[in-house]
Structure formats: structure tokens, C-alpha cells
Engineer: 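Structure incoming, see below.
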Amino acid sequence: LIYPVTETAGTAQSRRTFEEGFLLTRGDMEWFEERYLPPGVDRGDPRVALLEAEDLSGLPPAYLAIAGFDPLRDEGLAFARRLREAGVPVATRLHPGLVHTFANLTALCPSARQAMLEAAGGLRMGLTVQG
């Protein structure tokens, strides 16, 4: 998972800290959520907001790549913590100097390229171990 959205309440501190000036803005987040979640959808449903799920123990092993300057940072870290607590194997990599959408910046930013190479390596390793 690369900078995953795991809650929709918008309560994570990083959503406020990085809501402007770090590429992904609060307005962008609202725009995406309006298009992803049609009217009438319960935004607290665990199928939408994974952090609302009571039990995460049935989820598959995960690799989480999280950007340090990202509105989604704190919820990604919270999701990794919840997965670990549920006994789900999880590898978490916080990239402190990167912004949301670093996956699209690999040609411009060497640290973004390195982050994506690490994520690909994590996927490769996970597929090898699982299959």
C-alpha cells in the first residue's frame, strides 16, 4: 500500500498539519472523496474506513510506504499499528522527506525513485514468500 487512505473522518493530525502547501491539499482530498464515495454511503463503514474495523486479523500481509509530508501520514501509521496488533505481518516504511504522490515523481526525485524500488522489492519478497 502506498500512502493509503484508511479513514474518512479527517481527524488525523497530519491531515491538518499538511492540508496546504504539500501537493495534496484538503480541497483535493474532499474532491477525491466526493467522487469515490457517492451520496448516501456511510463514510464510517469499515469497507471505506479501514481504521473503523473492529478486527483486522483476516487481512493479508502488507507493505506500507508512507510519505512524511502527507495528510495521510498519521492514518497510514495507525493502520500499520492496528495490523501489527491484529497479528497481521506488516512492513512499514516511513519516507520522512517525501510528499504524497512521490510514486509519480521518480524521474525527478532520487529519493522517490528509491522509495518505489523499496516498495517493489517488498512486493517481490512478499510474493516469493507467499507463493
Engineer: Report whether L94 and I2 are members of the same hydrophobic cluster (ILVMFWY, side-chain heavy atoms less than 4.5 Å apart, transitive linking).
Structural biologist: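 Not linked; separate clusters.
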Engineer: Taking side chain as C-beta onward, heavy atoms only, is L98 less than 4.5 Å from C109?
Structural biologist: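 Side chain of L98 against side chain of C109, heavy atoms only: contact under 4.5 Å found.
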Engineer: Just by modelled atom types, is the W31 backbone N or O under 3.5 Å from a matching donor or acceptor in the R35 side chain?
Structural biologist: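 A pair under 3.5 Å: yes.
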Engineer: Under a 4.0 Å N-O cut-off, is there an ion pair linking R93 with E118?
Structural biologist: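 Yes, charged N to carboxylate O under 4.0 Å.
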Engineer: Before you tell me yes or no, could you show the steps for T106 and Q114 under side-chain contact (heavy atoms from CB on, under 4.5 Å), namely the whole-Å CA-CA distance, both residues' side-chain angles and the distance that decides it to 0.1 Å?
Structural biologist: CA-CA 8 Å; T106 58; Q114 184 60 38; over 6 Å; no
Engineer: Which pair of non-hydrogen atoms, one from P4 and one from L64, has the smallest distance, and what is that distance?
Structural biologist: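 Distance-wise, the nearest heavy atoms are CG-CD2, 4.2 Å.
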Engineer: Please determine whether residues V48 and L56 belong to a single hydrophobic cluster, defined as Ile, Leu, Val, Met, Phe, Trp and Tyr linked transitively by side-chain heavy-atom distances below 4.5 Å.
Structural biologist: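 Each belongs to a different hydrophobic cluster.
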Engineer: Any donor-acceptor pair under 3.5 Å linking the side chain of T6 with the backbone of E75?
Structural biologist: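 Confirmed, T6 side chain pairs with E75 backbone.
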Engineer: Treat each ILVMFWY residue as a node, draw an edge where side-chain heavy atoms are under 4.5 Å apart, and state whether L72 and L37 are in one component.
Structural biologist: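 Not linked; separate clusters.
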Engineer: Can you confirm whether more than 12 heavy atoms, excluding those of R26, are under 6.0 Å from its CZ atom?
Structural biologist: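 Counting neighbours around CZ of R26, 12 or fewer heavy atoms of other residues, nucleotides or ligands fall under 6.0 Å, so no.
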Engineer: Start with the C-alpha gap between L77 and T92, add the side-chain angles, then the distance that decides, and say whether side-chain contact (heavy atoms from CB on, under 4.5 Å) holds.
Structural biologist: CA-CA 8 Å; L77 293 171; T92 308; 4.1 Å; yes
Engineer: If you apply the rule side-chain contact (heavy atoms from CB on, under 4.5 Å), what do you find for M29 with R15, and how did you get there?
Structural biologist: CA-CA 9 Å; M29 294 283 294; R15 284 210 185 198; 3.4 Å; yes
Engineer: Is R43 paired with E7 through a side-chain N to carboxylate O contact shorter than 4.0 Å?
Structural biologist: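 Here E7 does not pair with R43 in a salt bridge, since their nearest N and O are not under 4.0 Å apart.
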Engineer: May I ask whether F79 and V90 are part of the same hydrophobic cluster, defined by side-chain heavy atoms of I, L, V, M, F, W, Y residues being less than 4.5 angstrom apart, directly or through others?
Structural biologist: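 They do share one cluster, since a chain of ILVMFWY contacts under 4.5 Å joins F79 to V90.
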Engineer: Rounded to the nearest 0.5 Å, how far does CG of L24 lie from OG1 of T101?
Structural biologist: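 The CG atom of L24 is 8.5 Å from OG1 of T101, to the nearest 0.5 Å.
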Engineer: Could you tell me whether a side-chain N or O of S14 sits under 3.5 Å from a main-chain N or O of D74, the two making a donor and an acceptor?
Structural biologist: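 Yes, because the side chain of S14 sits within donor-acceptor range (under 3.5 Å) of the backbone of D74.
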Engineer: Residues in ring-ring contact (aromatic ring centres under 6.0 Å, His included) with Y3, at least two apart?
Structural biologist: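 For Y3, the residues satisfying ring-ring contact (aromatic ring centres under 6.0 Å, His included) (neighbours in sequence not counted) are H100, F102.
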Engineer: Checking R82 side chain against E52 main chain: does a donor-acceptor pair fall under 3.5 Å?
Structural biologist: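 No, because the side chain of R82 does not come within donor-acceptor range (under 3.5 Å) of the backbone of E52.
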Engineer: Using a 3.5 Å distance criterion without hydrogens, assess whether the side chain of R73 forms a donor-acceptor pair with backbone atoms of G68.
Structural biologist: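 Indeed, once roles are kept as given, a pair shorter than 3.5 Å links the two residues.
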Engineer: With a 3.5 Å distance limit and no angle check, can you tell me whether D28 reaches the backbone of T25 through a side-chain donor-acceptor pair?
Structural biologist: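 Confirmed, D28 side chain pairs with T25 backbone.
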Engineer: I want to check something: taking the side chain as every heavy atom from C-beta on, are L83 and L59 in contact at a cut-off of under 4.5 Å?
Structural biologist: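 They are in side-chain contact.
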Engineer: Do V5 and F32 belong to the same hydrophobic cluster, where Ile, Leu, Val, Met, Phe, Trp and Tyr are linked whenever their side-chain heavy atoms lie under 4.5 Å apart, directly or via other members?
Structural biologist: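 Hydrophobic grouping puts V5 with F32.
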